[in-house]
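Notes follow once the structure below has been shown.
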Amino acid sequence: MSPITGSYTASVRIENIARYDGQEVIIQGWLQLKTGKGKLQFLRVRDGSGIIQAVVFKGNVSAEAFEAARRLPLESSLIVTGVARADQRAPGFPGGYELDVRDLEVVQESAEYPIGPKEHGVEFLMDNRHLWLRSTRQWAILRVRATIIKAIRDWLDDNGFTLVDTPILTPAAAEGTTTLFQTDYHGMPAFLAQTGQLYNEANIFAVGKTYCFGPTFRAEKSKTRRHLQEFWMVEPEIAFCTLEQLLEIEEQYVSYIVQTTLRKRAVELAALERDTSTLAKVVPPFPRISYDDAVTRINAAAAAGVTVPPNDEPLPALPWGEDFGAPHETFVASLFDKPVFVHHYPSQVKAFYMESEPGRPEVCRSCDLLAPEGYGEIVGGSERMSDPDLLLAAIDRHHLPREAYAWYVDLRRYGSVPHSGFGLGVERTVAWLCGIDHIRETVPFPRLLNRLYP
RNA sequence: UCCUCGGUAGCUCAAUUGGCAGAGCAAGCGGCUGUUAACCGCAAGGUUGGAGGUUCGAGUCCUCCCCGAGGAGCCA
């Protein structure tokens, strides 16, 4: 142990409290909640790793310490010394233990804390997002998010993928479909990246299997529980990979992320009251259904008057060739108890660079992965066009400027290979695994249509 | 951009047909040795989002504006 760590190491992390049963420990943290009964005060203390109840009995501590415990405002910072002991009545996470307090030092007495132990409205909580993060639910989500991100990186790093970063400032619309945030680049227009995929396609020719992972930006005027203006996405890209091979990679990948999170964040998922039984089923293989078959089943169900959550509205019919709406995604996902692959979408609803299916030019070698329980599309992927002439024709067909894509077409002239890739949205994955209904809680400081503060 | 709903105490909400603007929680004071968003008592807390209009009288009705929420489109 380093000699300069000093008193820092003297404190115990609440998540490890079970190791110290019967011992005197020091906890450094904040007062999350308080209740009391005369000479007995119950302080719920959190330290970032967990939440524990500290019990202060007047007869066990100095008069000053007891008065502090009795009067201390919520969110005051404090250092508590006490004996860890098992108690079934003790609330908290991981729970099962409480602290029999012997001393209490106030680091700072908090000002009146705006967020109380009661219901609050969305606007108020979002205005106080910098404080809301301290609440149990938000804390648990942050911990799950961090674990999901680590799993996202670990699996790729351990399976031959090389991280190659892609630019955030880009010269033109990468896919030419969605609205981009524009900024000034020394007098030239520049745009915040909406994907790193095109650059990934260059990078696979250097490293074979690559991924980029970072924030991405969409300036669409979307106000729904599934959309952010700024969100994080991991985009793997693989050389010598067909659509069929891609799906096998995706189901291995997603299963690893889910199972790792279940194993490492059981306490946090319990704090979120997440029913993990459906998540436990997320293991390969995932069911596969073609767009054609999905449309058939949607229209049969629509004709039969099937309704879909969350509002139990009738499932609308879907003419072949149109993209799924939210109710269609929910319905198709509800047919299975695992994530489901929907493959071979109509080319007209997908990006220009997707490879056509041989013999069926109207559909492309694409695939979306729909999460169960109505969480919708969390992965979108495809096999990419590998022929330079067909790619140029697609660029023209979509009225995209050839000059901007010259380098991209170039990739198909020097040792072109079949290749595929996908993008996985971090926030939608977090929402799914945490079982929360709005994406704004899956990122510490969400960027929403009408919110840039805090 | 369009559709729907909303804005009253620090917070969550109520206020009958247009007739004295009220509760709970938080904050303050007092009490309580097993509380889980404790409980009991006392006291305090208001430019009803903004502007204009109708009326003897507007939180309530009308017009415009601002802000927020949910959804559609689009997407991860």
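Worth knowing before you read on, the calculation uses all heavy atoms, side chains too, and leaves out hydrogens, waters and symmetry mates.
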> What class does the angle between the rings of A/F93 and A/W139 fall in, given that below 30° is parallel, 30 to 60° is tilted and above 60° is perpendicular?
Replying inline: tilted
>> Quick check: any donor-acceptor pair below 3.5 Å linking the side-chain of A/E98 to the base of B/G34?
In response: yes
>> Testing the basics here: between A/V61 and A/V56, what is the closest heavy-atom pair and its distance to 0.1 Å?
In response: CG2-CG1, 3.9 Å
> Separation of A/K39 atom NZ from B/U35 atom P, in whole Å?
Replying inline: 17 Å
> Contact class for A/L74 (heavy atom, under 4.0 Å): base, sugar-phosphate, or nothing?
Replying inline: nothing
>> Quiz question: going by heavy-atom distance under 3.5 Å, is there a donor-acceptor pair between the base of B/C75 and the side chain of A/R428?
In response: yes
>> If I pick the C1' atom on B/U54 and the same atom on B/A14, what distance separates them, to the nearest angstrom?
In response: 27 Å
> With a non-hydrogen cut-off below 4.0 angstrom, is A/L424 in contact with a base, only sugar-phosphate, or nothing?
Replying inline: nothing
>> If I pick the C1' atom on B/G6 and the same atom on B/U17, what distance separates them, to the nearest angstrom?
In response: 23 Å
>> In dot-bracket form, 5' to 3', how is RNA chain B paired? Count Watson-Crick and G-U wobble pairs only if both distances fall under 3.5 Å, and write | where the partner sits on another strand.
In response: (((((((..((((.....[..))))..((((.......))))......(((((..]....))))))))))))....
> Would one find more than 12 heavy atoms of other residues, nucleotides or ligands at under 6.0 Å from atom CZ of A/R297?
Replying inline: no
>> When the C1' atoms of B/U60 and B/G19 are compared, how many Å lie between them, rounded to an integer?
In response: 11 Å
> Donor-acceptor pair, A/Q229 side chain versus A/E220 backbone, under 3.5 Å?
Replying inline: yes
> Which residue, A/E119 or A/F231, contacts RNA chain B at a nucleotide closer to its 5' end, judged by nearest heavy atom?
Replying inline: A/E119
>> Are more than 12 heavy atoms, taken from residues, nucleotides or ligands other than A/Q23, located less than 6.0 Å from that residue's CD atom?
In response: yes
> Looking across every strand, which nucleic acid part, if any, lies under 4.0 Å from A/V379 by heavy atom: base, sugar-phosphate, or nothing?
Replying inline: sugar-phosphate
>> Using whole Å, what does the distance between atom P of nucleotide B/A76 and atom CD1 of A/I257 come to?
In response: 17 Å
> Is it true that the NZ or CZ of A/K350 lies under 6.0 Å from the centre of A/Y345's six-membered ring and within 45 degrees of the ring axis?
Replying inline: yes
> Using a cut-off of less than 4.0 Å, is there contact between a side-chain N or O of A/R71 and OP1 or OP2 of B/C29?
Replying inline: yes
> Say you pick atom P in B/C74 and the same atom in B/G10; how far apart are they, in whole Å?
Replying inline: 43 Å
> B/C39 and B/C25: how far apart are their C1' atoms, nearest whole angstrom?
Replying inline: 14 Å
> Checking all strands, does A/R137 fall into the base, sugar-phosphate, or nothing category for heavy-atom contacts under 4.0 angstrom?
Replying inline: nothing
>> Can you tell me which residue among A/W155, A/F286, A/F161, A/Y211 is in a ring pair (Phe, Tyr, Trp, His ring centres under 6.0 Å) with A/Y253?
In response: A/W155
> A/V234 pairs by side chain to side chain contact (heavy atoms under 4.5 Å, CB included) with which of A/L163, A/I152, A/V379?
Replying inline: A/I152
> A/D323 near the nucleic acid: base, sugar-phosphate alone, or nothing, with a heavy-atom cut-off under 4.0 Å?
Replying inline: sugar-phosphate
>> What is the distance, to the nearest angstrom, from the CG atom on A/L43 to the C1' atom on B/A38?
In response: 14 Å
> Tell me: CG of A/L180 to P of B/A76, nearest whole Å?
Replying inline: 13 Å
>> What does the B/S/- profile of nucleotides 66-73 of chain B look like, 5' to 3', with a 4.0 Å heavy-atom cutoff to protein?
In response: -SSBSBBB
>> Rounded to whole Å, how long is the line connecting atom CD1 of A/I378 with atom C1' of B/A76?
In response: 10 Å
> With rounding to whole Å, what would you report as the distance between B/G7 and B/U12 at their P atoms?
Replying inline: 12 Å
> Is A/D100 salt-bridged to A/R102, going by a charged N under 4.0 Å from an acidic O?
Replying inline: yes
> A/L40 CG to B/G31 P: how many Å, rounded?
Replying inline: 16 Å
> If you look at every strand shown and take non-hydrogen atoms under 4.0 Å, does A/P91 touch a base, only sugar-phosphate, or nothing?
Replying inline: base
> What is the distance from CD of A/E230 to P of B/A76, rounded to the nearest Å?
Replying inline: 17 Å
> Quick one: which of B/C75, B/A27, B/A37 gets closest to the side chain of A/R218?
Replying inline: B/C75
> Which whole number of Å gives the distance between the C1' atom of B/U8 and that of B/G59?
Replying inline: 6 Å
> What do the steps show when you test A/R440 against A/E427 for salt bridge (charged side-chain N to carboxylate O under 4.0 Å, His left out), and what is the final call?
Replying inline: CA-CA 9 Å; A/R440 65 180 161 232; A/E427 285 76 15; over 6 Å; no
> With a 4.0 Å cut-off on heavy atoms, is A/G376 in touch with a base, just the backbone sugar-phosphate, or nothing at all?
Replying inline: nothing
> Start at the 5' end of RNA chain B and walk down; is the nucleotide closest to A/G36 or to A/Q53 reached first?
Replying inline: A/Q53
> Is the number of heavy atoms from other residues, nucleotides or ligands under 6.0 Å of A/K39 NZ greater than 12?
Replying inline: no
>> Rounding to an integer number of Å, can you tell me how far A/F124 CZ sits from B/G49 C1'?
In response: 17 Å
> Mind checking the C1' distance from B/U47 to B/A58? Whole angstroms is fine.
Replying inline: 15 Å
> Are A/E75 and A/R46 close enough for a salt bridge, meaning some N to O gap below 4.0 Å?
Replying inline: yes
